[in-house]
Amino acid sequence: MKSKTVICRCEDVTLEEIEELMEKGYTSMDEIKRITRCGMGQCQGRTCRTLLLAELAKAVKTHPAEIKITTFRPPAKNIKMSVILGGIDNEQNG
Amino acid sequence: MLATNGIPTAEELAPRIPPAERLKKGPVAIIECFQKIPCNPCSTACKTGAIEKFEDINDLPSVDLEKCTGCGLCISKCPGLAIFVVDETYSEMEAAVSLPFEFLPLPAEGEEVDVLDRSGKTVGRGKVIRVRNGKYEDRTPVVTVAVPKELSMVVRNIRVGGDRR
Amino acid sequence: MKHAEIAVIGGGPAGLMAALAAAEMGAKVTLVDRNSRLGGQLVKQTHKFFGSEKEYASIRGIDIGRILATEVHKNPNIETMLNSTVVAYYPDDGVLGIEVEEKKWVKMKAERIVVATGASEKYLLFENNDLPGIYGAGAVQTLMNEHGVVPGKNVLMVGAGNIGLIVSYQLMQAGVNVKAIIDAAPSIGGYWVHASKVARLGVPILTSYTVKAAYPNEMTGALERAVIWRVDDRWQPVPGTEKVFNVDVMCIAVGLSPLAELLWQAGCKMMYVPELGGHVPVRNDNMETTVSGIYVAGDVAGVEEASSAMMEGRLAGLSAAKSLGYDDGTYEEKKAEALKELENLRSGPVGGKIRKGLAQLAS
Ligand SMILES: Cc1cc2nc3c(=O)[nH]c(=O)nc-3n(C[C@H](O)[C@H](O)[C@H](O)COP(=O)(O)OP(=O)(O)OC[C@H]3O[C@@H](n4cnc5c(N)ncnc54)[C@H](O)[C@@H]3O)c2cc1C
Ligand code: SF4
Ligand code: SF4
């Protein structure tokens with residue numbers, strides 16, 4: 001088994017991939033998220049966000065407070081489309 | 001050292017060990033709580049006023065050695081499991097150490113157990129004299145074990161039924 | 001659309017106290033939690049808690065949770081929605097989107113919102129950090145204390161804060177062998193009394209050590225070996241200082257970060273304060289965020305303790321109710337009491353970090 005260091009467990013993104021991107025000059029959270037899907041999986045970035053933040057801050061030699069956080073859009077968790085689509089019915093039933 | 005491995009050094013412990021004259025008079029509480037944390041149940045548990053009331057919840061507990069009767073009611077109330085009662089008058093050769101013990105199986109009264117120091121090292125054998133495990137203790141049983149007198153300030157844990165590690 | 005006077009999101013110590021305080025003032029509260037029972041982190045805490053009588057000191061966390069939940073369930077002003085996750089806040093109309101039992105979608109408009117969602121566990125980067133057998137401390141606690149399942153036989157605990165120490169103690173109580181507790185910091189972060197508890201069981205605590213790598217069993221692919229190494233005073237690993245542990249479980253307890261997604265969605269001003277666990281909401285002393293009508297309490301407002309979470313919850317609940325006009329004349333006094341209690345809890349040396357963080361937030 002090849003060894004790896006996983007940063008985003010939902011989308012299986014490794015530290016090595018992130019480091020490669022940072023070397024190529026991608027140093028914003030948004031860019032990295034779009035390319036790798038880091039933070040877009042089931043948990044919506046709960047685990048990897050802080051890790052990525054620290055790695056980016058290290059790479060561009062700045063304080064984590066200076067790194068721009070990706071936008072948070074509802075829903076904060078993956079939910080089945082049918083749950084939302086069935087919503088009005090559900091409300092009437094319940 | 002407490003800050004690096006959780007084990008107090010002799011110097012850290014020294015201020016908590018009652019003088020020999022007091023130990024000769026009977027059981028007394030020894031509170032091994034060395035850090036100012038927001039916590040005070042020991043002081044509210046003691047009914048004789050031996051643990052001075054805290055002005056600030058972060059105060060360190062201190063025992064009034066004259067007022068303390070060694071009743072042990074404070075032991076199970078301390079969430080830090082940091083209070084022990086030592087009775088050096090138990091018998092000629094032995095001291096009785098009362099300690100909190102939240103493990104199963106509980107020893108039976110009269111049972112012989114391994115006695116351990118503050119680092120979990122076995123330092124000898126002791127005989128269980130008493131197990132208090134009522135509603136008051138609320139699942140923090142208090143075990144009193146008789147140990148050789150020279151171990152009264154060493155023994156702080158027991159192991160029932162041999163080494164499982 | 002459902003309507004609520006005050007919606008409290010999260011039924012941990014902070015949310016429970018917020019709901020009770022608001023109800024005590026006369027407001028109608030809807031308390032929403034994603035779990036099937038109330039209590040939050042308390043449900044897993046089998047040890048006796050610190051604090052004073054006001055925060056139920058010397059009572060086990062699980063029992064504190066039960067006491068508060070019982071109060072909530074019998075309070076006629078509080079409605080509870082369990083198995084309900086608030087996944088959305090739409091800032092345009094202030095509506096909450098709630099997923100109920102993973103199959104229903106309920107929209108709720110609340111006049112005031114108290115966000116008390118707690119925190120999530122931080123993780124650690126090292127080689128093979130995704131092997132089966134590597135868990136967060138919270139997951140191990142849930143497994144053991146809620147489901148009665150032990151995670152394995154031999155454990156390496158990573159993190160000597162209160163959580164790492166307490167979970168180690170609970171593992172030993174469950175008959176699991178904790179081989180060592182390691183921490184990259186030069187000294188133990190948790191309370192010394194907790195450290196002494198595990199030391200007395202024979203568990204060594206190694207400070208200034210971090211994880212180098214984890215290795216799998218060739219057959220099963222699950223964790224078999226963990227390698228740690230020392231870090232110097234600039235947190236750099238020192239080659240040649242490696243130690244090997246044959247363990248089937250590694251438990252990560254390196255801290256928590258606020259679970260603040262809903263606050264971000266709502267556009268609350270957030271600030272990065274490492275002392276408080278990461279990005280936390282800016283708020284006033286009523287615990288109201290920069291978005292009027294949204295209050296916060298507990299770990300989501302800064303990772304701390306259940307004792308302070310309860311007092312913040314009380315403060316948020318009282319203030320939210322007061323802002324809706326519920327005040328029988330006792331508000332100022334009750335608020336002052338809660339503020340005083342918070343100050344007391346944080347006044348000692350171990351509260352220094354929190355005080356520093358809060359000062360930064362206020363600046
Ligand atoms: C091992 C361990 C030991 C501890 N020991 C102590 C101790 O001895 N003394 C002490 O004072 N503190 C202790 N703590 C800390 C204490 O448990 C926490 O500080 C406290 O629980 C924080 O309370 P809270 O209400 O903010 O969050 P939580 O208790 O985490 O509760 C948050 C609740 O919100 C719910 N929730 C989250 N998001 C949503 C959503 N979107 N929709 C609906 N519901 C949601 C969760 O299900 C949860 O029930 C310990 C913690 C741990 C992990
Ligand atoms: S042993 Fe009894 S008298 Fe002594 S401090 Fe404890 S409760 Fe008070
Ligand atoms: S109750 Fe125990 S941990 Fe708390 S202050 Fe007293 S001795 Fe220390």
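Letters A, B, ... are given to chains in the order of the sequence lines, protein chains preceding strands, and every chain is numbered from 1.
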Legend entry - Atom OH of C:Y272 with >12 non-hydrogen neighbours under 6.0 angstrom: yes

Inset, instruction - Specify which of C:D130, C:V100, C:V273 makes the most heavy-atom pairs with chain A at under 4.5 Å. - result: C:D130

Legend entry - Criterion side-chain contact (heavy atoms from CB on, under 4.5 Å) on C:N128 and A:T5, from CA distance to verdict: CA-CA 5 Å; C:N128 289 331; A:T5 304; over 6 Å; no

Inset, instruction - Identify which of A:L51, A:T71, A:T50, A:T47 forms the greatest number of heavy-atom pairs closer than 4.5 Å to chain C. - result: A:L51

Legend entry - Crowding at CD, C:E102 (>12 non-hydrogen neighbours, <6.0 Å): no

Inset, instruction - Report the distance from atom CZ of C:F126 to atom CG of A:L15, rounding to the nearest 0.5 Å. - result: 12.5 Å

Inset, instruction - Measure the shortest side-chain to side-chain distance between A:P74 and C:Y90 over non-hydrogen atoms and say whether it is less than 4.5 angstrom. - result: yes

Inset, instruction - Pull out the residues in residues 6-13 of chain A that come under 4.5 Å of chain C, heavy atom to heavy atom, sorted by number. - result: A:V6, A:I7, A:R9

Legend entry - Check: C:M270 and A:I69 side chains under 4.5 Å, non-hydrogen atoms: no

Inset, instruction - Please name all residues satisfying side-chain contact (heavy atoms from CB on, under 4.5 Å) with A:V60, sequence neighbours left out, ordered by chain then number. - result: A:T27, A:T62, A:I67

Legend entry - Salt bridge flag under 4.0 Å for residues A:R46 and C:E121: no

Legend entry - Interface moiety of C:L259 toward chain A, non-hydrogen atoms closer than 4.5 Å: side chain

Inset, instruction - Look at the rings of C:W264 and A:F72 and say which category their plane angle falls in: under 30° parallel, 30 to 60° tilted, over 60° perpendicular. - result: parallel

Legend entry - Interatomic distance, A:E55 atom CD to C:L125 atom CG [nearest 0.5 angstrom]: 5.5 Å

Inset, instruction - Rounded to the nearest 0.5 Å, what's the gap from CD on C:Q265 to CZ on A:R73? Could you check? - result: 10.5 Å

